[in-house]
Amino acid sequence: MGRLVVIQGATAAGKSAVAVSLATHYACPVVSCDSRQFYREMTIGTAVPSVDEQQAVAHYFIQDRSINEPLTAGAYEIEALALLDKLFAHHSTVILVGGSGLYADALVYGLDPLPTSEVIRAELNSIYERQGLAPLVEALRMADPVHYSLVDRQNPLRVIRALEVCRASGMPYSNLRTARHATRPFEVVRLAIDMPRQELYNRINGRVDQMIEQGLEDEVRSLIPYRDLSPLRTVGYSEFFDYFDGKISHDTAIDKIKQNTRNYAKRQLTWLRREGDLRYFAPHAVDEIIAWMSSINYGNI
RNA sequence: GGUGCCAUAGCUCAGAUGGUAGAGCAACGGACUGAAAAUCCGUGUGUCCCUAGUUCGAUUCUUGGUGGCACCA
């Protein structure tokens, strides 16, 4: 049975470099679970692996599609599972790396097979825009009292998604949620890259400055026609759109990118904390990671 | 050098005729099963510049410092 090594951690923590080092050591490929590095139109602002890194080891799910075809977590689960099937035919180890916790969990634990409906969601969104959240919350109370009592009723995305599932399936959302972990045809080893908060924030600030030097502003400007697509709701892009709109100054935009990236990193860390026994390593501790991996037995996910 | 004004949270500031203080932003904590770099929720974290007085009690009033700003030299 193959072994999937999952490398997580906050943005700018140095996950990609660790992944390349490990992949070189195990002579294995790297699969990304970064929801913004999927898109070929976004390069500078998403800090995709460098050309050198991509030539050193095979990378998958890196800039392999267009922002016109967004990849949802559910679709990612299916595509990535199919890919792993092929990769494990030739490799005993595959590395999964990326900052999108939901996507990593979709692949590792699986999502319940819930329906989606663009049409229903569009209807719900239009109600939300015209009448606000209250009627949607009330509709959810009628359609699924159980989930109504559990859901964050102030969060439009949660309420709308739950209603979307109810209407598309004809069943209460809560009936379809099992919270069961899927069984996978591979073992999973999870670890995370971490460092002191201040150090992480310094790296983030420095990386944003680098992105500016590399021409992030021009990259974002070239994407103005696509600004409403969901992949462009992204730190580093939204702020420049605000600047182009004259809402904020250039300097403010850059400061906001740094701040919003720090906030994003904090949310990633919060997400990872619920993975109680996650093993943390420093970004340069590749030898330590290799030693740790050879010391653990398969089977304890 | 003189005169005036100012000094309160990480930042910008408000405030109490004397009873140890509060806004915005930041920060921190959390939620999150198909928008997830998204979306949403919660929390004041403080030698009220220092000093000596007055007072039952001083961050608030008074004295003397220190630092900043403005104007005059």
Side-chain angles (χ1 to χ4, degrees), chain A residues 8-13 15 32-39 42 44-48 67 69-80 98-118 120-122 124-125 128 133 136-137 147 150-165 168-169 173-182 197-198 200-201 204 207-208 211 216 220 228-241 248 252 255-275:
Chain A
Q8 295 183 280
T11 188
K15 298 183 296 295
S32 169
C33 60
D34 186 302
S35 72
R36 293 302 188 273
Q37 294 181 355
F38 298 149
Y39 306 106
M42 303 164 76
I44 297 171
T46 58
V48 292
I67 50 177
E69 298 153 15
L71 185 64
T72 65
Y76 173 81
E77 177 186 355
I78 293 167
E79 260 193 59
S100 305
L102 178 66
Y103 285 65
D105 286 357
L107 180 55
V108 170
Y109 296 132
L111 300 173
D112 285 316
L114 307 174
T116 53
S117 167
E118 298 281 333
I120 293 171
R121 183 181 297 190
L124 296 169
N125 272 322
Y128 175 55
L133 194 54
L136 297 173
V137 171
H147 193 64
L150 298 173
V151 74
D152 177 358
R153 294 192 288 269
Q154 297 182 86
N155 189 330
L157 267 57
R158 295 280 122 72
V159 172
I160 289 171
R161 171 61 183 155
L163 270 179
E164 176 192 344
V165 173
S169 67
Y173 182 62
S174 55
N175 285 19
L176 301 169
R177 289 277 305 274
T178 67
R180 271 200 296 273
H181 289 179
R197 186 68 64 90
Q198 194 52 55
L200 178 67
Y201 284 2
I204 287 172
R207 193 176 71 175
V208 171
M211 288 176 176
L216 178 60
V220 180
D228 292 331
L229 297 174
S230 67
L232 286 175
R233 295 185 176 199
T234 297
V235 175
Y237 295 79
S238 308
E239 296 84 354
F240 267 117
F241 289 137
I248 57 177
T252 302
D255 286 345
K256 278 290 175 190
I257 292 173
K258 291 176 179 175
Q259 181 190 314
N260 290 334
T261 305
R262 294 192 299 265
N263 292 164
Y264 167 52
K266 200 161 80 65
R267 273 178 272 130
Q268 290 176 301
L269 294 172
T270 299
W271 178 281
L272 290 179
R273 260 176 229 137
R274 65 185 182 177
E275 205 70 39

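Below, chains carry the letters A, B, ... as their sequence lines are ordered, and counting in each starts from 1.
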Heavy atoms only, 4.0 Å cut-off, all strands: where does [X] land among base, sugar-phosphate and nothing?
X	value
R262(A)	sugar-phosphate
S100(A)	sugar-phosphate
G99(A)	sugar-phosphate
D255(A)	nothing
Q259(A)	sugar-phosphate
F38(A)	nothing
K256(A)	sugar-phosphate
T46(A)	base

Would you please confirm or rule out a distance under 4.0 Å between OP1 or OP2 of [N] and any side-chain N or O of [X]?
X	N	value
Y103(A)	A36(B)	yes
R274(A)	C32(B)	yes
R197(A)	C28(B)	yes
N263(A)	A27(B)	yes
Y173(A)	G34(B)	yes
Y201(A)	C28(B)	yes
K266(A)	G29(B)	yes

key: No-H, no-angle donor-acceptor pair, R158(A) side chain to A38(B) base, under 3.5 Å   =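 Indeed, a donor on one side and an acceptor on the other fall under 3.5 Å apart.
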key: Whether Q37(A) side chain and T46(A) backbone form a donor-acceptor pair below 3.5 Å   =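 Yes.
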ask   = Where the side chain of K258(A) meets the backbone of I204(A), is there a donor-acceptor pair that is under 3.5 Å apart?
value =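 Between the backbone of I204(A) and the side chain of K258(A) there is no qualifying donor-acceptor contact (under 3.5 Å).
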query = What residues form a side-chain contact (heavy atoms from CB on, under 4.5 Å) with I248(A), not counting sequence neighbours?
reply =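 By the side-chain contact (heavy atoms from CB on, under 4.5 Å) rule, I248(A) matches D242(A), Y243(A), T252(A), A253(A).
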Quantified in whole Å, what is the [atom1] atom distance between nucleotide [N] and nucleotide [M]?
N	M	atom1	value
G1(B)	G57(B)	C1'	40 Å
C72(B)	A52(B)	C1'	32 Å
A26(B)	C11(B)	C1'	7 Å

Which nucleotide in [options] has an atom nearest any side-chain atom of [X]:
X	options	result
R267(A)	A27(B), C40(B), C32(B)	C40(B)
L114(A)	U39(B), U33(B), A26(B)	U33(B)
D152(A)	C40(B), G34(B), C32(B)	C40(B)

query = What pairs with E69(A) under side-chain hydrogen bond (donor to acceptor under 3.5 Å, both in side chains), at least two apart in sequence or on another chain?
reply =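 For E69(A) there are no side-chain hydrogen bond (donor to acceptor under 3.5 Å, both in side chains) partners, ignoring immediate neighbours.
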inquiry  = Could you measure the distance from the CZ atom of R177(A) to the CG atom of L150(A)? Nearest 0.5 Å is fine.
reply    =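 That separation rounds to 8.5 Å.
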key: D112(A) side chain near L176(A) side chain, heavy-atom distance below 4.5 Å   =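 Counting from C-beta outward, D112(A) and L176(A) never come under 4.5 Å.
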Scan nucleotides 42-45 of chain B against the protein and return all N/O pairs shorter than 3.5 Å with their distances rounded to 0.1 Å.
none

Pairing stems for RNA chain B [at least three consecutive pairs; Watson-Crick or G-U; under 3.5 angstrom] =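 Stems (3+ consecutive pairs) listed as B:1-7 with B:66-72, B:10-13 with B:22-25, B:27-31 with B:39-43.
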query = Residues in salt bridge (charged side-chain N to carboxylate O under 4.0 Å, His left out) with R153(A), at least two apart?
reply =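 If we apply the salt bridge (charged side-chain N to carboxylate O under 4.0 Å, His left out) test to R153(A), skipping adjacent residues, there are no hits.
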ask   = Can you list every salt bridge (Lys or Arg N to Asp or Glu O under 4.0 Å) pair that touches residues 70-79 of chain A, not counting sequence neighbours?
value =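 Output for this query lists R65(A)-E79(A), E77(A)-R184(A).
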request  = Specify whether H181(A) and Y109(A) have parallel, tilted or perpendicular ring planes, treating 30° as the upper limit for parallel and 60° as the lower limit for perpendicular.
outcome  =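 The arrangement is parallel - the two ring planes meet at less than 30°.
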query = Just by distance, with hydrogens left out, do R207(A) and T11(A) show a side-chain donor and acceptor under 3.5 Å apart?
reply =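 Yes - a donor-acceptor pair under 3.5 Å links their side chains.
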